[in-house]
Structure formats: structure tokens, C-alpha cells
Amino acid sequence: MPELPEVETIARALRQENRRGFSITGSEIEDVSILWERSIAIPSAVEFKQRVCGQHIREVGRRGKYIVVTLTQDTLLIHLRMSGDLRIEQGGADVLKNGLHKHDRVAFTLSGGNYLIFEDARKFGRLWLLADPQEELGTLGPEPLGEELDALRFYAMLQGKKRQLKPLLMDQHFLAGMGNIYTDEALFKARLHPLLNAVDLNAEQTASLLRAIRETLQEGIARNGSSIDWVYRGGDFQNHFAVYGRTGEACPVCGATIERLVVGQRGTHICPQCQALPSRDE
DNA sequence: CACGTCACCTGCGTGC
DNA sequence: TGCACGCAGGTGACGT
């Protein structure tokens with residue numbers, strides 16, 4: 001579910017103080033209730049609980065689609081996958097008795113009567129407790145908004161890949177953070193067809209693609225992400241999609257009818273006119 | 001290496 | 001109303 005802008009929004013919300021002036025930063029993890037064991041990727045649920053209790057939260061960040069919670073000894077990684085979310089609850093021991101929701105999977109008891117709760121309807125999300133977070137994050141591609149990625153490097157990255165553009169952009173080992181929505185929106189903005197072969201892009205198209213990716217992600221972050229389906233997080237980027245989920249509607253640029261196709265098993269939305277595939281003899 | 005298929009899960013909208 | 005079906009913001013393991 002959440003892509004880079006939603007994960008960034010959640011990480012920022014956790015980092016900042018809430019309305020009560022509370023921030024999880026600096027809190028001690030006093031206890032943890034694991035309501036669905038398979039939500040814990042590494043280590044075992046028993047060891048997870050043993051090791052995490054007593055550690056303090058130092059800071060909250062993001063890498064790709066992972067929330068990175070730096071603790072006193074270890075690093076807690078949280079991946080929300082399709083339907084995961086995090087929320088803070090306050091209210092003492094009562095929260096674990098009466099305050100839990102149907103899809104709550106892991107509940108951390110923090111100092112001061114606060115709780116950090118991981119909820120996840122589809123149970124795809126995962127938590128890792130690692131001494132070295134690189135064990136999990138080490139194979140991720142670069143951050144699309146990071147300074148070390150420029151048009152030149154991006155061009156070199158694409159040139160090495162003889163792959164369909166959309167699945168490549170969504171490959172977290174290639175680039176970290178793009179998902180189905182923002183990829184469709186970025187490809188539309190760059191006027192590139194999702195089935196183009198990456199190696200066929202010229203330097204100009206590559207530069208415009210990187211620009212489109214960044215603008216799309218930045219607008220998503222500025223709007224606090226997208227809230228769609230039954231998962232509402234407060235963002236409103238869903239009201240500004242150009243093509244995603246707009247099959248049959250008019251392209252905001254040229255007025256052609258937006259089409260849905262399937263690319264790499266994922267629903268894909270394009271304007272057939274703005275994102276035309278070059279014909280063979282061109 | 002690149003691509004397709006399946007598995008992991010639950011919930012919602014649609015059409016009969 | 002009930003029910004089957006297709007669809008959903010993700011990813012990894014396989015097979016070809």
C-alpha cells in the first residue's frame with residue numbers, strides 16, 4: 001500500500017510531537033504484545049520481545065518504503081506493505097484491553113502510558129529487529145530524492161537494464177520507494193510508455209523521467225500522501241491523480257481516454273496519446 | 001538475465 | 001440478502 005510519500009508522511013508524524021506534545025523519540029519500550037506472530041520477520045517472536053524491551057527510541061527515519069526506528073542497541077525496521085499503518089494511542093493499561101482495533105498486529109507499550117501500534121488488515125507487513133539494519137536495507141537502490149542520484153547516474157543505471165520501464169522503476173533494488181501509483185503518475189508526467197525498454201531511453205528522456213519522478217513524489221509528500229480505499233491517512237494526493245484509477249476518463253493534458261493495461265501483474269494506467277509507444281519503423 | 005506465475009492475506013465494490 | 005468474482009498502495013520464491 002504505502003509508497004515513499006505515505007511512508008515519509010508517517011515517519012514525519014511519528015518524529016514530531018502530536019497534539020498532546022508527545023513524541024515517541026526518547027520513549028522507552030517497556031513491553032510489546034505480538035498479536036500476529038508472522039508480522040515479525042526477524043528474529044523469532046520470543047527473541048524479538050526479549051531484545052526490544054528496555055531499549056529507548058533514539059530517532060525515526062525512512063529508507064525506501066521502510067520506517068527506520070533507531071533504538072539504543074538495535075534498529076527496528078517496519079515495512080507496511082499493502083495495508084499496514086502505525087498509530088499512537090495514549091491511556092494506560094486499558095488500551096491493550098479495550099483500545100485495540102480488529103487488525104492490530106503488534107502493540108508496543110511505551111513509557112508514560114503511550115502505545116505505538118502496528119495495524120495491518122492484510123498481514124503482509126513485517127517488522128525486523130536487527131543489530132545492523134544494512135542486513136535488510138543493504139540491497140536497496142538509491143533514494144529517488146537523494147542528492148547522490150543525478151541525471152547522469154540515472155542514465156547509466158537505465159542503460160544497464162534491458163527491462164520494461166515500469167517494473168524496473170518499481171524494483172526496490174533498482175530504485176527505492178516507487179510503487180504502483182507514483183510510477184504510473186511519473187511515467188505519465190514524463191510522457192513515457194510503461195512498456196518501453198529502459199535501455200532505449202536517450203539522455204533527454206532519462207533526465208525528464210527523473211524530474212517527473214521527483215516532482216510526483218514531492219507533490220505526494222506535500223499533500224501528505226494518498227488516502228484511498230478504506231485506508232485513510234489524512235493525505236489528499238488521491239484527488240490529484242492524472243491517470244491512476246481514472247480508466248475511461250479524459251486525459252487532463254490532451255483529452256484522450258485513459259486506458260488500463262496490465263504490466264508485470266499490476267494494473268497500469270496510461271494516456272494512449274501522451275504515452276504512445278514508438279512504432280517499430282520509427 | 002528477464003519475465004510470468006503464484007503465494008501470502010483481508011476487505012470492498014460489482015453484478016447476478 | 002447472499003454470493004462469486006475481481007480488484008487492491010508490495011514483495012519474494014520459483015519456473016521457463
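In the text below, chain A, chain B and the rest are named by the order of the sequence lines, each starting its count at 1. Not measured: the values here are computed from a predicted model.
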Note to self: Are there over 12 heavy-atom neighbours, none belonging to E37(A), within less than 6.0 Å of that residue's CD?
What the structure shows: no
Check: For dG11(B), does either OP1 or OP2 sit under 4.0 Å from a side-chain N or O belonging to H103(A)?
Finding: yes
Margin query: Please pick, from dG9(C), dT11(C), dT10(B), the nucleotide with the shortest atom-to-atom distance to any side-chain atom of R122(A).
Written below: dT10(B)
Note to self: Is there aromatic stacking of F124(A) on dT11(C) here, judged by a ring-centre distance under 5.5 Å and a plane angle under 30°?
What the structure shows: no
Next item on the list: Whole angstrom is fine here: how far is it from NZ in K65(A) over to C1' in dG10(C)?
Entry: 6 Å
Checklist line | Nearest-angstrom distance from the residue atom NZ of K102(A) to P of dC9(B) | finding: 16 Å
Note to self: Classify R266(A) by what it touches in the nucleic acid, base, sugar-phosphate, or nothing, heavy-atom distance under 4.0 Å.
What the structure shows: base
Note to self: In this structure, how many angstroms lie between the C1' atom of dG9(C) and the NE2 atom of H269(A), rounded?
What the structure shows: 12 Å
Notebook entry, point to check: Between the main-chain N or O of V7(A) and the side-chain N or O of R62(A), is there a donor-acceptor pair closer than 3.5 Å?
Noted result: no
Notebook entry, point to check: Given atom CE of M170(A) and atom P of dG12(C), what is their separation to the nearest angstrom?
Noted result: 12 Å
Notebook entry, point to check: From dG9(C), dA2(B), dC9(B), pick the nucleotide closest to the side chain of K123(A)?
Noted result: dC9(B)
Next item on the list: Can you tell me the distance, in whole Å, between the CG atom of L175(A) and the P atom of dT11(C)?
Entry: 12 Å
Notebook entry, point to check: From dG10(C), dA2(B), dG9(C), pick the nucleotide closest to the side chain of K162(A)?
Noted result: dA2(B)
Next item on the list: Could you run through DNA chain C and flag its stems, i.e. three or more consecutive Watson-Crick or G-U pairs with both distances under 3.5 Å?
Entry: B:2-8 with C:10-16, B:10-16 with C:2-8
Notebook entry, point to check: Whole Å only: how far is the CG atom of L168(A) from the P atom of dA2(B)?
Noted result: 9 Å
Note to self: Could you check, using the six-membered ring where one of them is a Trp, whether F48(A) and W128(A) have ring centers closer than 6.0 angstrom?
What the structure shows: no
Checklist line | Sugar-phosphate, base or nothing in reach of Q265(A), heavy atoms under 4.0 Å | finding: base
Note to self: Check K65(A) with E3(A), please: is the shortest side-chain N to carboxylate O separation under 4.0 Å?
What the structure shows: no
Item checked: H79(A) side chain near dG10(C) phosphate (N/O to OP1/OP2, under 4.0 Å) -> no
Notebook entry, point to check: dG12(C) phosphate, OP1 or OP2: any side-chain N/O from H173(A) under 4.0 angstrom?
Noted result: yes
Item checked: Between dG10(C) (P) and L80(A) (CG): distance, integer Å -> 11 Å
Check: Within less than 4.0 Å of OP1 or OP2 of dT11(C), is there a side-chain N or O belonging to R126(A)?
Finding: no
Margin query: Can you see if the side chain of Q172(A) gets near the phosphate of dT11(C) - specifically, an N or O under 4.0 Å from OP1 or OP2?
Written below: yes
Check: Taking NZ, NE, NH1 and NH2 as the nitrogens, is one of them in K189(A) or E215(A) under 4.0 Å from a carboxylate oxygen of the other?
Finding: yes
Checklist line | Pairwise P distance for dT5(B) and dG6(C), with rounding to whole Å | finding: 15 Å
Item checked: Pair D171(A) + K161(A), salt bridge at N-O below 4.0 Å -> no
Note to self: Would you say the ring centers of F237(A) and Y182(A) fall short of 6.0 Å from each other?
What the structure shows: yes
Checklist line | Inter-nucleotide P distance (dC5(C), dC6(B)), Å rounded | finding: 16 Å
Checklist line | N-O pairing of E89(A) and R87(A) below 4.0 Å | finding: yes
Margin query: I need the CD-P distance between E119(A) and dC9(B), as an integer number of Å.
Written below: 18 Å
Check: dG9(C) phosphate, OP1 or OP2: any side-chain N/O from R81(A) under 4.0 angstrom?
Finding: no
Next item on the list: Describe the nucleic acid contact of R260(A) in one word from base, sugar-phosphate, nothing, applying a heavy-atom distance below 4.0 Å.
Entry: sugar-phosphate
